[in-house]
There are 2 protein chains.
Amino acid sequence: MARERKFSNRELYQATKELLLSHGYEGYTFTLLANQLDVSRAAIYKYYENKEELLSEYMLYELTNFLTKLKEVNKEKTFLDQFHALFDVIFDDMSLYQLREIGIQIPKVNKKVAMNKQKISHIITELYTSLQHFIDLGRHEKILRGDIPSNIVLGMIFQTVNIPNTEGISHQDWVNSMKDVICNGMFINE
Amino acid sequence: MARERKFSNRELYQATKELLLSHGYEGYTFTLLANQLDVSRAAIYKYYENKEELLSEYMLYELTNFLTKLKEVNKEKTFLDQFHALFDVIFDDMSLYQLREIGIQIPKVNKKVAMNKQKISHIITELYTSLQHFIDLGRHEKILRGDIPSNIVLGMIFQTVNIPNTEGISHQDWVNSMKDVICNGMFINE
DNA sequence: ATTCAAAGTTACACAAACGTAACTATTAGA
DNA sequence: TCTAATAGTTACGTTTGTGTAACTTTGAAT
């Protein structure tokens, strides 16, 4: 018994993501978002008290999605299968790393936001656990070097998505080169 | 025949850098900067018409510095010497890559800014030329693999500085692990 | 067809950042 | 010591974003 909504949650999250990536956390405003969604700014306040609340929910949504995908990756039997699956996931959504950085900036302006931030930390812990399993498997299978800190292994893998492909190399070639360098390095062997 | 200045260019650039890294391009304001420098906001308008002008000059300063350092790197005789020198330069100033991204966002609000942006592009071209020499040398010396796009070689090297060292590994160990992975990869050989 | 709850809009008051004009302060040199 | 040039401040109007209240619109259920 209500009027039809002019924008779905999905559209809102999509617009939010674009605005966050183009304008950053401080540049993200309800005015911009409302224009993007073609509604009045006040309409958004029907659902969220302020941008911190909206953004913390959005982050939660994004990270929960990623955790689900990551758990799928962990189901692969061998380390190499997981490795390729992880790359597929990362390159499917090229912006996770930047968004996580933004999440850290959100101040706890009310109880709801504080709760969301807590949930976010929790999910990030789960993400790390999941990723640690991946690394442990690689070491156990004697494929992944044991002398490199997990931090660096994960950092390198996740940072690759931020490298701009300015020379218009095809997606497949790009990803393959990236994997190659990560696995074998950029120096010629012996 | 004038009054002494309350802040030097150097202090202004230092404060600008910190504010840019903590608040991002859109979060950077003259109000924040003035507080940081302990002067009134209006004082800054004596030197810069607006933040775009200030930031474009700052970027120019930062990139010119970097280009100078990079030319020093290019003076090293062997590829390996250049490689290590480049890492020293990059890890000495951990923020160049993020700042370059910010530079792209500056809109050309007046002639001066437009001119600065043009100079910035020019310097970036020089940077790439300089880096290309580095890569060419590595390939010529048969140390650097020839089948990896220059793009990826440079991207990987520069992105490493953005990996957060959360586990408090010592700087030296950290940099060495990073180099090791870049050179030889994270997989065990054969 | 009527009702009413949720969706949406308009309009207002408030706060923060911007840019400028008119002022005061400092200091080297005539 | 007087002056001119530069540094800095105060104060104002403007713009942009925020949050809310009072309103209208829509559409499924009765």
Side-chain angles (χ1 to χ4, degrees), chain A residues 1-58 102 105-114 116, chain B residues 1-58 102 105-114 116:
Chain A
M1 24 152 98
R3 178 175 174 176
E4 203 182 352
R5 280 189 58 166
K6 286 181 72 179
F7 61 94
S8 65
N9 250 20
R10 203 173 166 67
E11 287 169 317
L12 184 136
Y13 286 157
Q14 179 57 34
T16 291
K17 180 179 191 167
E18 285 167 20
L19 290 174
L20 272 182
L21 292 178
S22 57
H23 292 74
Y25 173 71
E26 310 244 12
Y28 177 93
T29 67
F30 272 17
T31 307
L32 280 171
L33 181 62
N35 287 343
Q36 191 83 15
L37 294 174
D38 203 40
V39 291
S40 70
R41 190 171 52 84
I44 301 171
Y45 284 95
K46 293 278 154 165
Y47 306 98
Y48 302 95
E49 275 188 23
N50 46 50
K51 83 168 178 178
E52 286 73 29
E53 201 167 302
L54 191 157
L55 289 181
S56 64
E57 293 217 350
Y58 164 67
I102 288 166
Q105 294 185 50
I106 302 172
K108 299 170 185 163
V109 292
N110 64 31
K111 275 200 174 182
K112 198 159 186 179
V113 175
N116 283 339
Chain B
M1 20 149 102
R3 181 175 170 173
E4 205 183 352
R5 279 188 62 166
K6 285 180 74 178
F7 60 94
S8 66
N9 250 20
R10 203 175 165 66
E11 286 169 318
L12 183 137
Y13 286 157
Q14 179 57 34
T16 291
K17 179 179 193 167
E18 284 168 20
L19 291 174
L20 273 182
L21 294 178
S22 56
H23 292 74
Y25 173 70
E26 310 246 10
Y28 178 94
T29 67
F30 271 17
T31 306
L32 281 172
L33 181 62
N35 288 343
Q36 191 83 17
L37 295 174
D38 202 41
V39 292
S40 70
R41 190 171 51 85
I44 301 170
Y45 283 95
K46 293 279 154 165
Y47 306 98
Y48 304 94
E49 275 187 24
N50 46 50
K51 83 167 178 177
E52 286 72 30
E53 201 169 301
L54 191 157
L55 289 181
S56 64
E57 294 217 352
Y58 164 67
I102 288 168
Q105 293 185 49
I106 303 172
K108 299 170 186 163
V109 291
N110 64 32
K111 275 199 174 183
K112 198 160 186 180
V113 175
N116 282 339

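By convention in this document, chain letters (A, B, ...) are assigned in the order of the sequence lines, proteins followed by strands, and residues within each chain are numbered from 1.
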A.B. asks: Does R3(A) contact dT25(D) through a side-chain donor or acceptor facing the base, at a distance under 3.5 Å?
C.D. replies: yes
A.B. asks: For Q14(A), check side chain to side chain donor-acceptor pair (under 3.5 Å) against everything at least two apart and list the hits.
C.D. replies: E18(A)
A.B. asks: If you check the E4(B) side chain, which of dG8(C), dG8(D), dT27(C) turns out closest?
C.D. replies: dT27(C)
A.B. asks: Show me the donor-acceptor pairs, under 3.5 Å and distance only, between side chains in residues 23-33 of chain B and residues at least two apart or in other chains.
C.D. replies:
{"unit_1": "Y25(B)", "atom_1": "OH", "unit_2": "E52(B)", "atom_2": "OE2", "d": "3.3"}
{"unit_1": "Y28(B)", "atom_1": "OH", "unit_2": "T16(B)", "atom_2": "OG1", "d": "2.9"}
{"unit_1": "T29(B)", "atom_1": "OG1", "unit_2": "L32(B)", "atom_2": "N", "d": "3.1"}

A.B. asks: Under the side chain to side chain donor-acceptor pair (under 3.5 Å) test, which residues partner E57(B), sequence neighbours left out?
C.D. replies: none
A.B. asks: Could you walk me through whether I102(B) and Y58(B) pass side chain to side chain contact (heavy atoms under 4.5 Å, CB included), step by step?
C.D. replies: CA-CA 11 Å; I102(B) 288 168; Y58(B) 164 67; over 6 Å; no
A.B. asks: Sequence neighbours excluded, which residues qualify as side chain to side chain donor-acceptor pair (under 3.5 Å) partners of Q105(A)?
C.D. replies: none
A.B. asks: Can you tell me how far P of dA21(D) sits from CD of E49(A), to the nearest Å?
C.D. replies: 12 Å
A.B. asks: Nearest-Å distance, OH (Y47(B)) to P (dA5(D))?
C.D. replies: 16 Å
A.B. asks: Does a side-chain N or O from K6(A) land closer than 4.0 Å to OP1 or OP2 of dT26(D), or not?
C.D. replies: no
A.B. asks: Going by number, which of residues 28-45 of chain A have a non-hydrogen atom under 4.0 Å from DNA chain C?
C.D. replies: V39(A), S40(A), A42(A), A43(A)
A.B. asks: Roughly how many Å is it from CG in L54(B) to C1' in dA17(C), rounded to a whole number?
C.D. replies: 15 Å
A.B. asks: On DNA chain C, does the nearest nucleotide to K46(B) precede the nearest nucleotide to K51(B) from the 5' side, or the other way round? Give the residue.
C.D. replies: K51(B)
A.B. asks: So, OP1 or OP2 of dG19(D): does either fall under 4.0 Å of a side-chain N or O from Y48(A)?
C.D. replies: no
A.B. asks: Determine the minimum heavy-atom distance between N116(A) and S56(A), stating which atoms define it.
C.D. replies: ND2-OG, 3.0 Å
A.B. asks: Starting at atom CG of N9(B), determine the distance to atom C1' of dT6(D), rounded to an integer number of angstrom.
C.D. replies: 15 Å
A.B. asks: Not counting sequence neighbours, which residues clear side chain to side chain donor-acceptor pair (under 3.5 Å) with N35(A)? List them please.
C.D. replies: none
A.B. asks: Between atom CZ in R5(A) and atom C1' in dA28(D), what is the gap in whole Å?
C.D. replies: 17 Å
A.B. asks: If I take atom CD in residue E26(B) and atom P in nucleotide dA16(C), what distance separates them, rounded to the nearest angstrom?
C.D. replies: 19 Å
A.B. asks: Rounding to an integer number of Å, can you tell me how far E52(A) CD sits from dG19(D) C1'?
C.D. replies: 12 Å
